[in-house]
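Scroll down for the structure; my scribbles are underneath it.
One is the number of the first residue; the rest follow in order along the sequence. Quick caveat: nothing in here was measured; it's all calculated off a predicted structure.
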Amino acid sequence: MTFWRALLRETGLIGSSRTRSADTAAPTREEQSVERPATAPVPSPAPVGGAPTEPLSLPAEEREGAPAAQTSATRTRVAEAESAPPAPVPTAGMRATSLERTLRALVERLGTEHPDTITARNNLATKYAQMGRRQAAVQQFELALAEAVEVFGEEHPRTEIIRENLAWAYEDAGRPADASGQWEMLLRERERQFGPADEDTVEARMRLAVCYRRSGRLDAAVAHYERAIEDVTATERREELRLGLSAAQSMSGRYDDAIAQLRMVLAGRRRRMGKGHLDTLTVHHRLGRAYTQAGRPDEAVEVLRDAYRVALNSSGDPDVRRLTLRLRRDLAGAYNAAGRHREAKALL
């Protein structure tokens, strides 16, 4: 049983989808009040200025056979109500305002360290993150985490979910060093509970490697990427990890190692997707650039020329057309680096 399945079973918290690529941010997760069963739907707050949520009852006189004039008037009122424009759908700002009011009311009534208040603060921070209010999201998640640690302890599932939300929020705010501190704690706890090969443990290790790479801790990033590659089972996820590993290796000057990782990914994507697929061509392009970075211009020319020709034959996709222009530019640069200036000039 993975971390999140265990969490849902134990606490009834609701989490969003966790499937993300190795280098993208993930949505934060809202909590469901612990009193509700895990399978119960989470009711949305009433829309600000919205219509009643339950149908109006007919007047008593119409139900019991009221005079015709009254019944006609009632029907007229009902018809007018039915012809009125529908209530506006709540916007993200309206939803955030509603969550802010909910949090203030709970703080006043129950205090900051009540479980319902902690849940409300996490949910408000989640909405801020979804709206792109990154600093506000970080501030609320930090407060929610401090309160959760005080109330539930470091290892409680509620604390874990808020800690992961904070880690994602730090990443989204461009603070990978701060995010890595949270991922380190999550990784230790998941290894202890579920072992190194559990999918949630691998997820934490992968995010930690990404944050280490982005904050310049390249040796640590390489070590965690390599360990995650050993533990992961899904082919697509392994390819993502190899791409991240190749980036860390390139940044640390280990160009030959980076090239080896890219060649493995390219071979796999060609088998699964075909050589003209955008994802395959993107790796093909990266491989050519890696040869250029490594000071191997002849091999760079060979790889980039092959990728350019494939892209020209697959340029129906707008993204492939944009990639084709970049390939043309980089191929010209590789020709120049190899001393083949006439061929470079023909491309420019």
Side-chain angles (χ1 to χ4, degrees), residues 21-24 174 176-177 180 206 208-230 238-315 319-348:
S21 72
D23 290 296
T24 59
S180 64
M206 178 183 70
L208 180 57
V210 170
C211 292
Y212 279 158
R213 192 190 79 218
R214 291 176 177 171
S215 57
R217 298 178 60 180
L218 299 177
D219 290 340
V222 167
H224 280 287
Y225 274 125
E226 290 175 338
R227 176 62 185 276
I229 288 170
E230 293 176 3
R238 185 178 294 109
E239 288 179 354
E240 292 171 3
L241 288 164
R242 289 194 187 281
L243 291 174
L245 174 58
S246 72
Q249 290 168 333
S250 291
M251 291 171 67
S252 60
R254 296 168 55 179
Y255 299 116
D256 291 342
D257 292 335
I259 287 169
Q261 296 299 324
L262 290 170
R263 289 179 70 88
M264 282 189 279
V265 175
L266 179 59
R269 291 196 173 177
R270 277 179 164 171
R271 286 192 301 270
R272 290 189 300 108
M273 303 176 179
K275 63 182 181 179
H277 193 282
L278 176 63
D279 291 345
T280 306
L281 284 168
T282 300
V283 177
H284 205 163
H285 181 212
R286 283 184 61 173
L287 178 60
R289 289 174 59 87
Y291 278 120
T292 300
Q293 288 179 310
R296 298 161 63 175
D298 292 333
E299 291 163 288
V301 164
E302 180 181 354
V303 171
L304 289 169
R305 183 174 56 198
D306 183 30
Y308 180 57
R309 288 172 176 169
V310 174
L312 285 174
N313 293 326
S314 309
S315 57
D319 291 328
V320 172
R321 287 200 296 272
R322 285 189 287 271
L323 179 59
T324 302
L325 295 176
R326 294 196 296 271
L327 281 164
R328 184 186 181 99
R329 177 201 63 201
D330 290 337
L331 176 56
Y335 274 136
N336 276 324
R340 300 166 63 172
H341 305 296
R342 181 177 299 177
E343 291 163 294
K345 186 176 180 180
L347 290 171
L348 297 174

*Heavy-atom distance under 4.5 Å between the side chains of K275 and N313, does that happen here?*
no
*Can you tell me how far the CD1 atom of I259 sits from the CG atom of L266, to the nearest 0.5 Å?*
12.5 Å
*Does a side-chain heavy-atom distance below 4.5 Å link R326 with L323?*
yes
*Got E302 and Y291 here, is their nearest side-chain heavy-atom distance under 4.5 Å?*
no
*From L281 CG over to L287 CG, what is the distance, rounded to the nearest 0.5 angstrom?*
12.0 Å
*Close side-chain approach of L243 and L262, heavy atoms under 4.5 Å*: yes
*State whether the side chain of R328 and the backbone N or O of L347 hold a donor-acceptor pair below 3.5 Å, judged by distance alone.*
yes
*Identify the two heavy atoms, one from A334 and one from P297, that lie closest to each other, and give their separation to 0.1 Å.*
O-CB, 4.2 Å
_side chain to side chain contact (heavy atoms under 4.5 Å, CB included) against Q293, all qualifying residues, sequence neighbours excluded_ = S250, Y255
_For a side-chain contact (heavy atoms from CB on, under 4.5 Å) check, start with the C-alpha distance between L325 and R321, then their side-chain angles and the critical distance, and finish with the verdict._
CA-CA 7 Å; L325 295 176; R321 287 200 296 272; over 6 Å; no
*Measure the CZ-CG distance between R322 and L278 for me, rounded to the nearest 0.5 Å.*
9.0 Å
*Output the distance between atom CE (M206) and atom SG (C211), rounded to the nearest 0.5 Å.*
10.0 Å
_Set out, in order, the CA-CA distance, both residues' side-chain angles and the distance that settles side-chain contact (heavy atoms from CB on, under 4.5 Å) for I229 and L245, then state yes or no._
CA-CA 9 Å; I229 288 170; L245 174 58; 3.8 Å; yes
_Among H285, R309, R289, which residue satisfies the side chain to side chain contact (heavy atoms under 4.5 Å, CB included) criterion with L327?_
H285
*Identify the heavy atoms of A177 and S215 that sit nearest to each other, and give their distance.*
N-CB, 4.1 Å
*asked:* To the closest 0.5 Å, what do you measure between CZ (R271) and OG1 (T280)?
replied: 11.0 Å
*Hey, are the side chains of E226 and V222 touching, using non-hydrogen atoms and a 4.5 Å cut-off?*
yes
_V265 and R286, any side-chain heavy atoms less than 4.5 Å apart_ = no
*Is a salt bridge present between R272 and E239, judged by a nitrogen-to-oxygen distance below 4.0 Å?*
yes
*Who pairs with H224 by ring-ring contact (aromatic ring centres under 6.0 Å, His included), at least two apart in sequence or on another chain?*
Y212
_For Q261 against S246, the heavy-atom pair lying closest together_ = CB-CB, 4.0 Å
*Within the side chain of R269, is there an N or O that forms a donor-acceptor pair under 3.5 Å with the backbone of D279?*
yes
*With rounding to the nearest 0.5 Å, note down the distance linking CG in L331 to CZ in R340.*
8.5 Å
*Would you find a donor on one side and an acceptor on the other, under 3.5 Å apart, between the side chain of T324 and the backbone of V320?*
yes
*If you look at every heavy atom in A209 and A221, which pair is closest and at what distance?*
O-CB, 3.5 Å
*Given side-chain contact (heavy atoms from CB on, under 4.5 Å), test V303 with H284 step by step and report yes or no.*
CA-CA 7 Å; V303 171; H284 205 163; 3.5 Å; yes
*So, do R254 and L218 sit near enough that their side-chain heavy atoms are less than 4.5 Å apart?*
no
